Novice: 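Before anything else, here's the structure in question.
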Amino acid sequence: MITPEHLRQIASWSNDLNEQEFERARRGIAEKDFSKGTYISHRGDRLDSWNGVVSGLIKVSTVSRTGKAVSLAGVRAGGWFGEGSILKNEPRLYDLVALRDSRMAFLDRATFLWLFENSVAFNRFLVRQFNERLGQFIALVEYDRMLEAPGRLARTLAWLFNPVLYRDSSRHLELSQEEIGLLSGISRQATNKSLQILEAKGLLRLERGGITILHLEKLARFGD
DNA sequence: TCATTAAGCGTTG
DNA sequence: CAACGCTTAATGA
């Protein structure tokens with residue numbers, strides 16, 4: 001079982017819980033490692049847990065009717081997701097892929113539902129997160145029409161630095177251009193070009209194997 | 001036809 | 001050694 005300190009580290013929401021709720025959450029969590037390129041779950045699975053990323057990088061994707069893989073979002077360490085499938089008690093609507101060696105935390109369904117019924121703090125967290133996700137979804141619909149690669153890439157990056165979804169306010173992330181491409185659904189060359197455009201506009205700084213966000217607001221709106 | 005991509009490979013930090 | 005960036009052949013709009 002994970003330690004209280006560990007839970008505080010991997011789940012920002014746990015810091016808002018009272019003692020009883022915190023203990024319950026701690027007992028309901030199990031961790032598991034996934035190596036690069038493997039599937040954490042497939043579309044259609046009944047994965048009865050709420051998922052947190054302890055370390056690494058996860059891609060949420062789905063397959064379009066024509067059989068093409070479509071990337072929906074990236075989740076980095078500290079992110080929690082999958083509440084929709086639990087609350088609606090339905091199978092996963094998407095695939096989860098580990099883009100690099102990653103460690104996941106799973107909060108079992110019964111514990112999730114208990115927290116949902118009993119913890120005000122937990123619900124507050126969920127509402128805030130839902131609200132952000134709704135914003136993301138609207139942006140997704142918008143950029144479906146906006147085909148330029150730099151804009152799509154900029155939004156993907158902005159999501160990874162959403163201050164509500166990730167409470168640590170770090171502006172830097174170790175993320176290769178290949179990984180950014182995989183998350184954005186853009187080829188490596190196009191990713192490189194797009195990143196250079198964004199860097200020239202002063203929105204971010206490129207480093208070897210990583211990026212630093214210089215202007216999150218402008219990044220989130222790039223291409224409007 | 002023209003643009004974009006995956007694959008391979010040389011370079012670089 | 002992994003990330004980067006370039007070349008090239010294939011793909012497809």
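Computed from a prediction, not measured in an experiment: that's the story for all the values here. Numbers restart at 1 for each chain; the letters A, B, ... are given by sequence-line order, proteins then strands.
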Novice: Within the structure provided, determine whether A:Phe122 and A:Phe112 are in side-chain contact (heavy-atom separation under 4.5 Å).
Specialist: yes
Novice: Starting at atom CD of A:Gln177, determine the distance to atom C1' of C:dA2, rounded to an integer number of angstrom.
Specialist: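 Taking atom C1' of C:dA2 as the reference, CD of A:Gln177 is at 13 Å.
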Novice: Are A:Arg133 and A:Glu83 ion-paired here, with the side-chain N under 4.0 Å from a carboxylate O?
Specialist: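 Here A:Arg133 pairs with A:Glu83 in a salt bridge, since their nearest N and O are under 4.0 Å apart.
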Novice: B:dG13, B:dT5, C:dG5: which one has an atom nearest the side-chain heavy atoms of A:Arg188?
Specialist: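 Output: C:dG5.
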Novice: Tell me which nucleotide among B:dT5, C:dG5, C:dA3 gets nearest to the side chain of A:Ser187.
Specialist: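 Comparing B:dT5, C:dG5, C:dA3 against the side chain of A:Ser187, the answer is B:dT5.
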Novice: Report the relative orientation of the aromatic rings in A:Phe34 and A:Phe106; use parallel for angles under 30°, tilted for 30 to 60°, perpendicular for over 60°.
Specialist: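 The rings of A:Phe34 and A:Phe106 stand perpendicular, inter-plane angle above 60°.
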Novice: Atom CG of A:Leu206 and atom C1' of B:dT12: how far apart are they, to the nearest Å?
Specialist: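 These atoms are roughly 16 Å apart.
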Novice: Contact class for A:Glu174 (heavy atom, under 4.0 Å): base, sugar-phosphate, or nothing?
Specialist: nothing
Novice: With respect to the side chain of A:Asn192, which nucleotide from B:dT5, C:dG5, B:dT12 is positioned closest?
Specialist: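 So the side chain of A:Asn192 is nearest to C:dG5.
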Novice: Without decimals, in angstroms, what is the distance between A:Ile180 CD1 and C:dA3 P?
Specialist: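 One finds 12 Å between P of C:dA3 and CD1 of A:Ile180, rounded.
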Novice: For the pair made of CD in A:Glu178 and P in B:dA7, what is the distance, rounded to whole Å?
Specialist: 11 Å
Novice: Rounded to the nearest Å, what distance is computed from the NZ atom of residue A:Lys193 to the C1' atom of nucleotide C:dG5?
Specialist: 12 Å
Novice: Can you tell me how far the CD atom of A:Glu174 sits from the OG1 atom of A:Thr212, to the nearest 0.5 Å?
Specialist: 9.5 Å
Novice: Among B:dG13, B:dA6, C:dG5, which nucleotide has an atom closest to any side-chain atom of A:Gln189?
Specialist: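 Taking heavy atoms from C-beta onward, the closest nucleotide is B:dA6.
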Novice: Send over the distance from A:Glu199 CD to C:dC4 P, rounded to a whole Å.
Specialist: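 Rounded to the whole Å, the gap is 12 Å.
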Novice: Between A:Gln196 (CD) and C:dC4 (C1'), how many Å, whole number?
Specialist: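 It is 10 Å, rounded to the nearest whole Å.
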